[in-house]
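Notes follow the structure.
Residue numbering restarts at 1 for every chain, and letters A, B, ... go by the order of the sequence lines.
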Number of protein chains: 2
Amino acid sequence: MRRHDNVTSLDVARRAGVSQSAVSRTFTPGASVSKRTREKVEKAAEDLGYRPNSLARAMITGRSRIIGLVVAYLENQFYPVAIERLSRALKDEGYHMLIFLTENSDTMVPEVVNDLLDYRVDAIVTASVAMSDELTAQCDAAGIPVVMFNRGQDDERISSVTSDNVSGGRDVANFLLAGGHQRIAHIAGWQESSTGRDRAKGFVEGLAERGEEPFIVVDSHYDPNEAKRLTREIFSKQDRPDAVFVGNDHMAFAVMDALRFDIGLRVPSDVSVVGYDDVPISSWAAYDLTTIRQPVNQMVAATVEAVIDRIEGGIQPKQVRIPGPLIVRGSARKPEISS
Amino acid sequence: MRRHDNVTSLDVARRAGVSQSAVSRTFTPGASVSKRTREKVEKAAEDLGYRPNSLARAMITGRSRIIGLVVAYLENQFYPVAIERLSRALKDEGYHMLIFLTENSDTMVPEVVNDLLDYRVDAIVTASVAMSDELTAQCDAAGIPVVMFNRGQDDERISSVTSDNVSGGRDVANFLLAGGHQRIAHIAGWQESSTGRDRAKGFVEGLAERGEEPFIVVDSHYDPNEAKRLTREIFSKQDRPDAVFVGNDHMAFAVMDALRFDIGLRVPSDVSVVGYDDVPISSWAAYDLTTIRQPVNQMVAATVEAVIDRIEGGIQPKQVRIPGPLIVRGSARKPEISS
DNA sequence: AGCGGGAATGCATAGGATTGCAAAAATCCG
DNA sequence: CGGATTTTTGCAATCCTATGCATTCCCGCT
């Protein structure tokens, strides 16, 4: 097997007739090198095809410039889109992303986090994944900041970035009430997750403020198949809701399919449907889903900021909550315009 | 700023009363350590919370156990799904994924690849991204194997894994002809990409074998908006196709939306639509898309195998092409069952 | 008891870069 | 032009682990 003798800074140094330090310095922004040596080094590096070894650099500086991303699943389009933005934003800051897919379980997450710690990532971003206290402590002890994306957390040691799910839920309640709906069901997101809980909470509160109660609230565990099953169950009875707020868009599509194709109801004339996220598919004509937009760009920006702050500035963790607007489309009856 | 003094193998060695080598050996599978020292070391490591530093290990072994993934965009659900599978499969083999999102351009791809080379990744997997000859040569010189996922390549130095797009295209042609369609359009994938070309080629050949010609073939550049525009253009004329084969599912959805909601045609009674990929959305009732399945699992398995072979075995690059079945659903008129 | 051989251990080096420190060179300024 | 700075430069130590080699240990066998 052919060994590819990597060209090192020493090789470059020899060829350029300078010390190895000089080479290092030409490739370190802000280091002190004269124009002449820099040119010599650059020439030699070019000739030899030299590029600094990031791993060696990471070893000595103690920064890998790698961010670990832990994400549970990508079927819900919200995450791929967010990851895409996140990756781009981090690249602009000179960071790279080591990605891990995992189940949101008590056995897999620690395993994955250990792998990340082994790679001495500079920070960990979790998306749709919760961290146990134990794990949090472990990262904290290792001095590795954790930022949770789209999942809140009471633990003060962890930064989190979410949209304002409570007010989002409340907005949905108000919108549906304004549309004259009487019997509003909620197929809620996973009640073990902060997003699921908060959206449900805001929604129920919103109804309560107007003296109303939800027709029913059920936990879908963020599983579209489960959501479908629940839809069939709830809507095939005689006394059925006239509107449903679904915990996220991805499930809302499944719900709409079930309503239209399994049960034969029409949206929105028979039932109004509202989702949460505003993923790209929501604007597709087949669904045209009214939903709360999660401001992905702002959320990503906040995440990157939180990450960088903690890595470079040593700033304390913070909890960011960004409000998102209601996007009115055709899947839910609209309120009469009151003059 | 507090320095988190990382615990090193030396610390563990001291505490366990053994040499640093012994520590290293306990954490290296297959190395020669007695049960007694192993236990002492494990105990000490546990106490101190020691975990071997992957970066240091990578430096000395020359393997980072990191695979670089370059992918152009994640809106097309085919890629997130594939990435998810890929990540899991690689993890099982002890590899991790450094992910890069890029445009499929001549300026960005080299930039990204350089970043990857800097991290001394063990291999590069590209998804929906083409590599210039120059770049290929560069990776080759660095001894880093490249595997292209879902994109073919003439260059023998690169492994590629695709489905059999030519035969897939042909199958579509046959299916639509068997369904009695007379005027079949093709809103093709990007003709600069092998997938786009091959699917179009197989389709046109398939028609030709039965003495037919496509109604029209246009290049959508894999852009759903462009596909929509083309759909409106093609189908709003008097003399319109009675079927359309779309270059991938993601565009097929856009096409169906345009047909139904912009033009007011019905699928499949007015127009049959066939896609390519069989992403999860295709089976959603709202689209119920007839399509060619890309066998993601097999493709991922082949990709992982190709990667590992080249890293560990030094096997030569190879081109893998896996056939995928036609999945018949409701978006295209079905052939009469001939007794 | 003595010997042979495999297993276990430790020593020391390597891997490729960054960086504090001190020496050398270049620059400034009166 | 000489001394005082400032800028460049090189030396050498450091980051953390893997591993070839030499040595020691242990065990079984005659």
Let me know the distance between [atom1] of [X] and [atom2] of [N], rounded to the nearest Å.
| X | N | atom1 | atom2 | value |
| --- | --- | --- | --- | --- |
| A:Asp118 | D:dC16 | CG | P | 14 Å |
| B:Tyr119 | C:dG16 | OH | P | 18 Å |
| B:Leu55 | C:dG15 | CG | P | 18 Å |
| A:Ile60 | C:dG16 | CD1 | P | 14 Å |
| A:Leu10 | C:dA17 | CG | P | 9 Å |
| A:Arg57 | C:dG15 | CZ | P | 20 Å |
| A:Arg14 | D:dG10 | CZ | P | 14 Å |

(message) Holding to side chain to side chain contact (heavy atoms under 4.5 Å, CB included), I want the full list of residues that pass it with A:Thr37, two or more places apart in sequence or in another chain.
(response) A:Val18, A:Val33, A:Ser34, A:Lys40
(request) Mind listing the residues from residues 17-29 of chain A sitting with a heavy atom below 4.0 Å of DNA chain D? Number order is fine. (result)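 Residues of residues 17-29 of chain A under 4.0 Å from DNA chain D: A:Val18, A:Ser19, A:Ser21, A:Ala22, A:Arg25.
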Any donor-acceptor pair under 3.5 Å linking the side chain of [X] with the backbone of [Y]?
| X | Y | value |
| --- | --- | --- |
| A:Ser9 | A:Ser24 | no |
| B:Arg65 | B:Glu93 | yes |
| B:Thr26 | B:Ala22 | yes |
| A:Thr303 | A:Met299 | yes |

(request) Five pairs at each end of the helix from C:dA1-D:dT30 to C:dG30-D:dC1: take the axis at both ends and give me the angle between them to 10°. (result)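 Roughly 30°, once rounded to the nearest ten degrees.
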Distances for protein N/O vs nucleotides 6-8 of chain D N/O pairs under 3.5 angstrom?
unit_1, atom_1, unit_2, atom_2, d
D:dT8, OP2, A:Ser32, OG, 3.1
D:dT8, O3', A:Ser34, OG, 3.4

(message) I'd like to know if A:Asp11 pairs up with A:Arg15 as an ion pair, taking the criterion as any Lys NZ or Arg NE/NH1/NH2 lying under 4.0 Å from an Asp or Glu carboxylate oxygen.
(response)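 The answer is no: the pair does not qualify as a salt bridge.
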(message) In the structure I gave you, are the side-chain heavy atoms of A:Val147 and A:Phe149 within less than 4.5 Å of one another anywhere?
(response)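 They are not in contact (no side-chain heavy atoms under 4.5 Å apart), so the answer is no.
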(message) For B:Phe27, give me all partners under ring pair (Phe, Tyr, Trp, His ring centres under 6.0 Å), at least two apart in sequence or on another chain.
(response)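 Ring pair (Phe, Tyr, Trp, His ring centres under 6.0 Å) list for B:Phe27, sorted by chain: B:Tyr50.
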(request) Kindly write out the residues that satisfy ring pair (Phe, Tyr, Trp, His ring centres under 6.0 Å) with A:Tyr119, not counting sequence neighbours, or none if the list is empty. (result) B:His96
(message) Please enumerate all residues that pass side chain to side chain donor-acceptor pair (under 3.5 Å) together with A:Asp118, with sequence neighbours excluded.
(response)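 Partners of A:Asp118 under the side chain to side chain donor-acceptor pair (under 3.5 Å) test: B:Arg51.
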(message) Please enumerate all residues that pass side chain to side chain donor-acceptor pair (under 3.5 Å) together with A:Arg321, with sequence neighbours excluded.
(response) none
(request) Take B:Ala31 and B:Arg120, find for each the nucleotide of DNA chain C with the closest heavy atom, and name the residue whose nucleotide sits nearer the 5' end. (result)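 Final value for this comparison: B:Ala31.
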(request) Kindly state which residues belonging to residues 46-54 of chain A come within less than 4.0 angstrom of DNA chain C, counting heavy atoms of the residue only, listed by number. (result)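 Contacting residues: A:Tyr50, A:Arg51, A:Pro52, A:Asn53.
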Identify each donor-acceptor pair in which a side-chain atom of residues 67-77 of chain B lies under 3.5 Å from a protein atom, sequence neighbours left out, and give them as a table.
unit_1, atom_1, unit_2, atom_2, d
B:Asn76, OD1, B:Phe78, N, 3.0
B:Gln77, OE1, B:Ile281, N, 3.3

Under 3.5 Å donor-acceptor pairs involving side-chain atoms of residues 127-138 of chain A, not counting sequence neighbours:
unit_1, atom_1, unit_2, atom_2, d
A:Ser132, OG, A:Leu135, N, 3.1
A:Thr136, OG1, A:Ser132, O, 2.8
A:Gln138, NE2, A:Asn114, OD1, 2.8

(message) Give me each pair satisfying salt bridge (charged side-chain N to carboxylate O under 4.0 Å, His left out) with a member in residues 21-37 of chain A, each pair once, sequence neighbours excluded.
(response)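 Counting only pairs at least two positions apart or across chains, no salt bridge (charged side-chain N to carboxylate O under 4.0 Å, His left out) contact touches residues 21-37 of chain A.
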(message) On DNA chain D, compare the nucleotides closest to B:Met59 and A:Arg36; which residue's is nearer the 5' end?
(response) A:Arg36
